[in-house]
Enquirer: 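This is the structure I have questions about; it appears just below.
A note on names: the letters A, B, ... follow the listed sequences, proteins ahead of strands, and every chain is numbered from 1. None of these values were measured; they are calculated from a predicted model.
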2 protein chains.
Amino acid sequence: MKRVTIKDISKHLLLSTSTVSRALTDDKNIRKETREKVLEAAKELGYKPNPSALNLKSGKSNSIGVIVPEMITPFSSKILEGIQNVLSGSKFRVIVAQSNENPETERTNLLMMEEFRVDGIIINLCHETYNHKLYQEILDRGTPMIFFDRIPPSNLDVPKVLVNDQSTSTTMVEHLISTGKKRIVNLMGPKTIRNAIQRADGYKKALYKYKLFDDDLVIETEGTSFIHAKEAMKRLIEKGVVFDAIFAFTDSLAIGAMNYLLEKKYRIPEDVAIASFSGTELSQMVFPPLSTVEQPLVEMGETAVELLLEKIKNPTSKNRFVQLKPELIFRRSTIAQQSHQK
Amino acid sequence: MKRVTIKDISKHLLLSTSTVSRALTDDKNIRKETREKVLEAAKELGYKPNPSALNLKSGKSNSIGVIVPEMITPFSSKILEGIQNVLSGSKFRVIVAQSNENPETERTNLLMMEEFRVDGIIINLCHETYNHKLYQEILDRGTPMIFFDRIPPSNLDVPKVLVNDQSTSTTMVEHLISTGKKRIVNLMGPKTIRNAIQRADGYKKALYKYKLFDDDLVIETEGTSFIHAKEAMKRLIEKGVVFDAIFAFTDSLAIGAMNYLLEKKYRIPEDVAIASFSGTELSQMVFPPLSTVEQPLVEMGETAVELLLEKIKNPTSKNRFVQLKPELIFRRSTIAQQSHQK
DNA sequence: ATAACAATTGGGAACGTTCCCAAAATCTGC
DNA sequence: GCAGATTTTGGGAACGTTCCCAATTGTTAT
């Protein structure tokens with residue numbers, strides 16, 4: 001299975017490899033007729049450039065690394081869709097790795113990508129601080145990185161894409177309040193995730209404003225899976241906390257909580273209303289469908305690559321911080337009637 | 001950001017590049033002390049081999065392409081987990097592409113991977129026949145391919161991994177029958193997917209056996225998303241078909257159908273029991289949780305890479321066809337009581 | 001027709017490795 | 001102590017490309 005190389009073309013046409021290369025790279029220093037002849041022969045012989053040779057020459061791998069904490073929910077899938085949208089047809093390939101919510105795995109993935117000399121990395125962290133030093137090192141060694149969704153603390157000056165977690169959370173919690181709920185639980189994710197804290201802050205702001213805040217209402221989960229939400233709900237109920245609504249950190253947590261409550265014969269939303277934050281199909285796949293903060297995930301992916309391409313093109317460009325606008329979608333988990341449904 | 005090369009080491013130690021290379025590749029023709037000296041220097045200088053150079057030399061890219069129809073459900077994610085399990089720590093990198101259930105995109109992905117000279121491709125088809133010729137061409141040009149889950153017709157002699165769709169479906173449908181259901185709908189996927197037909201065959205076998213078959217009970221969906229299931233259910237009900245159970249092609253379809261019915265105030269499983277086929281977390285994320293045929297997805301991924309590595313090592317090895325054993329899990333969507341739940 | 005210049009082409013180094021072959025160093029046994 | 005065998009090292013081609021520089025061809029103005 002010998003592959004056609006530039007040399008094969010040059011032999012076939014009795015031209016030098018330089019000339020063939022010129023034709024293929026659209027160099028101006030070549031006669032039109034020659035170029036056409038070469039392109040024709042290339043097509044006829046089925047020539048495909050050898051990426052490794054290109055990479056070796058240029059020192060660039062023409063590939064972009066994407067690291068995500070998980071792919072169990074459609075969240076990352078949507079982001080990837082956005083990334084592919086921008087990159088399809090370009091010279092860049094995408095290499096994807098999952099950290100499985102484990103900072104050590106994230107570390108391995110990062111080093112693997114760097115070793116592979118990707119032209120840049122797009123990453124959604126799984127722990128706010130654990131690999132902080134490594135990010136800086138990789139950046140210093142010259143690989144640009146873009147952060148989205150779960151971003152690092154602000155003392156790391158890097159391009160970022162995300163939505164305004166705090167103010168959007170406030171709005172969503174105010175919606176719960178507007179439906180008459182007074183005892184709203186914040187099912188927050190682990191504190192090692194920045195957004196969990198941001199969204200909790202937004203929640204608190206709303207509760208303070210309406211003088212509804214109570215420490216007992218805030219409960220932290222140990223992880224981000226629906227199972228962790230069930231555990232947390234169990235704890236909450238055993239503790240005897242009274243509540244009539246839940247604002248959850250993500251769709252998965254909201255779903256775990258909702259199922260636990262349905263099992264215990266609670267009515268949603270009459271007994272307990274549930275709102276979440278995410279933007280994945282999951283919120284529509286359960287019953288009743290969830291009111292949620294729908295983040296523009298595809299757009300987030302697109303934006304992230306664009307920021308990266310900008311950085312690759314011009315490494316000294318300023319680090320931009322793009323904030324996207326999420327949409328609040330009200331569904332039956334907070335509103336009993338059929339109206340208002342998307 | 002100049003990277004450390006073998007030449008840097010050789011200059012640093014006043015050795016030839018050949019010797020350094022020998023030390024690094026664990027060649028026996030080298031003095032122990034020399035090797036140690038080199039390895040130490042390599043570590044000290046932070047040497048990392050340049051993959052492109054390796055690839056150029058060997059003609060291999062040390063990467064494996066994985067093509068999946070979608071990543072909205074956790075199905076592909078589980079498969080990837082298995083693939084990563086086997087490959088992590090190996091020299092192979094994984095490149096993932098989604099076909100978005102579009103055979104044309106699948107085609108582009110395949111050609112892209114071939115152009116990138118992946119060492120092999122692991123694929124889950126999105127259409128049984130559309131790219132049939134291309135598979136053969138790629139195989140003929142020397143890139144091994146492994147098929148899993150949705151496989152091509154048997155006239156393509158390739159390694160495959162899957163579960164026994166037909167007989168397992170029969171068993172699951174018999175479970176529905178055993179709970180007293182008599183009008184069992186087969187919510188089958190599109191006929192362009194082999195497994196949809198296989199599972200439908202298994203379904204039919206069970207219904208024939210108990211003399212319960214009725215053409216009206218079989219309904220094809222236009223796609224594999226939960227929305228397609230809702231559409232199909234709407235059609236079915238408008239047609240006036242009476243039914244008391246559903247056997248769905250996948251979790252997503254089952255969920256779509258279930259939500260549609262919950263919305264219409266059907267009780268699950270009392271009015272309509274629902275069973276599906278898949279093995280993803282989705283079946284546990286909904287309420288009531290779904291009885292489903294749980295496929296060993298991680299194992300399926302692992303097996304697929306193993307078959308591929310076998311093929312890469314020995315291209316003329318026989319094409320194996322591995323059939324994995326799924327597990328039937330009975331949950332509340334078919335059994336009202338709390339017992340029997342996993 | 002010819003010098004001067006522009007357009008086009010060819011030769012060959014370079015990217016970072018491996019590996020074949022030859023050279024050098026070391027080790028045998030007598 | 002030396003021929004011959006063996007171990008260890010170095011030189012340099014090769015993988016497929018690009019790109020600099022030089023060589024060739026074509027064009028223009030005198």
Enquirer: To the nearest 10°, let me know how far the axis at one end of the helix from C:dA1-D:dT30 to C:dC30-D:dG1 is tilted from the axis at the other, five pairs an end.
Expert: 40°
Enquirer: Show every side chain to side chain donor-acceptor pair (under 3.5 Å) that has at least one partner inside residues 87-99 of chain A, sequence neighbours left out.
Expert: none
Enquirer: List, with names and distances, any nitrogen or oxygen atoms from the protein found under 3.5 Å away from nitrogen or oxygen atoms belonging to nucleotides 25-27 of chain C.
Expert:
none

Enquirer: Excluding sequence neighbours, so at least two apart, what forms salt bridge (charged side-chain N to carboxylate O under 4.0 Å, His left out) with A:Arg320?
Expert: A:Glu310
Enquirer: Restricting to salt bridge (charged side-chain N to carboxylate O under 4.0 Å, His left out), what partner residues turn up for B:Arg117, sequence neighbours left out?
Expert: none
Enquirer: List in chain and number order the residues that pass ring-ring contact (aromatic ring centres under 6.0 Å, His included) with B:Tyr135, two or more places apart in sequence or in another chain; answer none if no residue qualifies.
Expert: B:Phe147
Enquirer: Determine the contact category for A:Ile9: base if any of its heavy atoms lies under 4.0 Å from a base atom, sugar-phosphate if only primed atoms, P, OP1 or OP2 are that close, otherwise nothing.
Expert: nothing
Enquirer: Does any pair with a residue in residues 33-52 of chain A pass side chain to side chain donor-acceptor pair (under 3.5 Å), and if so which ones, sequence neighbours excluded?
Expert: A:Arg31-A:Glu33
Enquirer: What pairs meet the side chain to side chain donor-acceptor pair (under 3.5 Å) rule with one or both residues in residues 69-78 of chain A, with sequence neighbours excluded?
Expert: A:Glu70-A:Thr73, A:Lys78-A:Glu281
Enquirer: Tell me, for nucleotides 15-22 of chain D in 5' to 3' order, what letter each nucleotide earns: B for a base near a protein heavy atom under 4.0 Å, S for only sugar-phosphate near one, - for neither?
Expert: BBBBBB--
Enquirer: Within residues 28-42 of chain A, find the residues that approach DNA chain C with a heavy atom at under 4.0 Å, and present them sorted by residue number.
Expert: A:Asn29, A:Ile30, A:Arg31, A:Thr34
Enquirer: Partners of B:Glu302 by salt bridge (charged side-chain N to carboxylate O under 4.0 Å, His left out), sequence neighbours excluded?
Expert: none
Enquirer: Please enumerate all residues that pass salt bridge (charged side-chain N to carboxylate O under 4.0 Å, His left out) together with A:Glu306, with sequence neighbours excluded.
Expert: none
